[in-house]
Number of protein chains: 2
Amino acid sequence: MVNIEDVARLAAVGRSTVSNVMNRPHIVAPATRQRVLDAMENLGFVPNESARVLAGGPGRFVGVVVHDASNPFFGEIIRTVEDAALNLRYIVSTTNTGADPVRESTAVELLIQQRASGVLITPSALPADALGRLRRIGTKVVVLDAPGESGICSVAMDDTAGGRLAGQHFLDYGYRSFAFVGTPARTTQHAARLAGFRAALEESPLGRRLDVQVIEVPHEDIISGRQAAERLQHRDSPVAVLCGNDLIAMGLSFALQERGTVVPQDVAICGYDDIDMVRYLSVPFTTVRQPVHDMARTALDLLVEEMRDPEHEHQAVLFAPELVVRATTARQ
Amino acid sequence: MVNIEDVARLAAVGRSTVSNVMNRPHIVAPATRQRVLDAMENLGFVPNESARVLAGGPGRFVGVVVHDASNPFFGEIIRTVEDAALNLRYIVSTTNTGADPVRESTAVELLIQQRASGVLITPSALPADALGRLRRIGTKVVVLDAPGESGICSVAMDDTAGGRLAGQHFLDYGYRSFAFVGTPARTTQHAARLAGFRAALEESPLGRRLDVQVIEVPHEDIISGRQAAERLQHRDSPVAVLCGNDLIAMGLSFALQERGTVVPQDVAICGYDDIDMVRYLSVPFTTVRQPVHDMARTALDLLVEEMRDPEHEHQAVLFAPELVVRATTARQ
DNA sequence: CAGGGCAATTGGAGCGATTCAAGGAGCCGT
DNA sequence: ACGGCTCCTTGAATCGCTCCAATTGCCCTG
């Protein structure tokens, strides 16, 4: 493989000059610069990132850790981040954790091994020590889709507000029986949504007479949503169900339809995320929209800023959710 | 950051011994090994992967390049590969190309910079020179979901056979008017599916009187499928449409339903991939199933074998597709 | 008991970049 | 003509690790 020395020899300059052309082009005389550039071109030179990082150069490796890339919500995040990062010539590495804390720490561990210069993470239950270790090797961290602790940048949705929005909407529409399907025990996001949901109900005139049937499911996907259908109890009055995300809502809705339960007459459903798909289903979903694109973009901007500017001040950005009413809820 | 030397000092051994504990544990005396292990633990030592790679050690970095991770088909591939690779302590980095040749080469370029030791790629149009350059730096490559050229390992579905299967099925069911929706001009996979589809029709007794209306769409997603609905011409006889993948099929189907077109009475649809979701829709999809899990697993196994064994013989594995008949096609 | 063989350990020479301090060349004003 | 500048350019030291060749004991055997 051709290295910096080969380039230097062909261009008849010193190794450092070649390095300068790559990292501080402005201090190299135009003629020399061009000569070096040509030499690189001729030789098909590609700098060795490992050597670069080892020598203490600016790393160009950022890791993105998400629950599940095939969930369109995360898909959109990844796409946004990749687009922006590739333009800045960063190398983006995505890892899925399946919201599993063990895989999450494995993923972080591997990122540490790589001495990633930045990490964008959607934690399920982020162990503080993992963050500490990342910090110690100088890796910048931005927490995405979860409230950040102090001393760390974070970009999140106000999940409590989102849950509230859904609860309020159900109450407005006259529902009196409620359920939540998701993974509140395993992910902070769902827990907050559930909390907001409960809060809205409790604050209503009917007060604490309103109870929420909580159905904890194993994953955040369609299959889990389907499974929840069997456990959902609905007798006389229609049940209003808030789902932890749209995929779960889809699964639940499909399974209910198969059993002859009609949405929204028998069961009302509110999803979460507003992924593209749910707007196109035969019964378009009422859901809580997250400004995914903006979140992702902001998160990357914060990360880049933090990587470039050592004096950077941490900030926690909170986005507001928005309720999108479609056909899976109806006025009673 | 703590390095190998710190560990060596604490354990009162030489640097090399620490290295040996990590890479060739069997040649270190058990007592010594334990002492080193303890020291690592105490110091919270994490080997620096960059240094390792630079020193010519066995790299543990593999790249996975796919069209779109949020497509469940690729999602499943990624999940499978990640599971297996993480167990082997490989670092998996996923990149999306959106089937765009430019992003594809950018992705490969970055992988070269990283000196990845292995790459699993789903090419749209893989430029031969990119492969060559990867090869030159010693990166092992396995092509996934596309026919491999000689001198390279590949795992693929027999897409032509898949297209044939669909065509045959439509003929059996009595359809006489056909269309294909997908990206045949931009991806080899869709092109092969279309070719097989055409072949089946041409080989039928009705011969070449059967024409296929080809609708090229910009992406392989739901939105593109929806757009295709406007361009699909169907007059008297029902049209049988083969879609390049299930997402396109879903989009097409949703859009048609909105305009009052009934599936399968007015338009029959056959998807491709058999992603989980399509089985649960209100009208479950007829589709061509790909053994994704096996493909992904086989691809990774090949890659690992190739990375470990320099004498490795390239092979091209071809999986057979399978038709799954559900409710979007009906006997005429 | 010398010598051979084996197991365990280790210092040193890179790997390919970066950064820094120092050196050389040309130009200016005096 | 010369000191003092600015601009460019460069050799050397370094990063943390792996591998190799060499070394050290130790046990066994003839």
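Note that these values count all heavy atoms, side chains included, but never hydrogens, waters or copies made by symmetry. Note on naming: letters A, B, ... go to the chains in the order of the sequence lines (proteins, then strands), and numbering restarts at 1 for each one.
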(request) Describe the nucleic acid contact of Val53(A) in one word from base, sugar-phosphate, nothing, applying a heavy-atom distance below 4.0 Å. (result) nothing
(request) Give Val18(A) one of three labels, base, sugar-phosphate or nothing, depending on what nucleic acid heavy atoms sit under 4.0 Å from its own. (result) nothing
Between [N] ([atom2]) and [X] ([atom1]): distance, integer Å:
X: Asn20(A); N: dT18(C); atom1: CG; atom2: P; result: 9 Å
X: Asn48(B); N: dC17(D); atom1: CG; atom2: P; result: 6 Å
X: Asn23(B); N: dT18(D); atom1: CG; atom2: P; result: 4 Å
X: Arg52(A); N: dA17(C); atom1: CZ; atom2: C1'; result: 8 Å
X: Leu54(A); N: dC15(C); atom1: CG; atom2: P; result: 14 Å
X: His26(B); N: dA7(C); atom1: NE2; atom2: P; result: 11 Å
X: Arg33(A); N: dT9(D); atom1: CZ; atom2: C1'; result: 14 Å
X: Met40(B); N: dC17(D); atom1: CE; atom2: P; result: 9 Å

(request) Could you check Thr32(B) against Arg24(A) and say which one's nearest nucleotide on DNA chain C is further toward the 5' end? (result) Thr32(B)
(request) By nearest nucleotide on DNA chain C, pick out whichever of Val28(B) and Met1(A) is the more 5' one. (result) Val28(B)
(message) Taking salt bridge (charged side-chain N to carboxylate O under 4.0 Å, His left out) as the definition, give me every residue that meets it alongside Arg35(A), ordered by chain and number, with sequence neighbours left out.
(response) none
(request) Indicate yes or no: does Asp294(B) engage Arg297(B) in a salt bridge with an N to O separation below 4.0 Å. (result) no
Counting side-chain heavy atoms from C-beta on, which of [options] comes nearest to [X]?
X: Ser16(A); options: dC20(D), dA17(C), dT10(D); answer: dT10(D)
X: Asn3(A); options: dT18(D), dA17(C), dT9(D); answer: dA17(C)
X: Met22(A); options: dT10(C), dT18(C), dT9(C); answer: dT18(C)
X: Ile4(B); options: dC15(D), dC20(C), dC17(D); answer: dC17(D)

(request) Return yes if some donor-acceptor pair links the side-chain N/O of Asn23(A) with the main-chain N/O of Ser19(A) below 3.5 Å, else return no. (result) yes
(message) Closer than 3.5 angstrom, by distance alone: can the side chain of Thr94(B) be matched with the main-chain N or O of Val64(B) as a donor-acceptor pair?
(response) no
(message) Asp83(A) vs Arg79(A), test: salt bridge (Lys or Arg N to Asp or Glu O under 4.0 Å). Steps then yes/no.
(response) CA-CA 6 Å; Asp83(A) 275 346; Arg79(A) 213 168 306 126; over 6 Å; no
(request) Report yes if a side-chain nitrogen or oxygen of Thr17(B) is closer than 4.0 Å to either non-bridging phosphate oxygen (OP1 or OP2) of dT10(C); otherwise report no. (result) yes
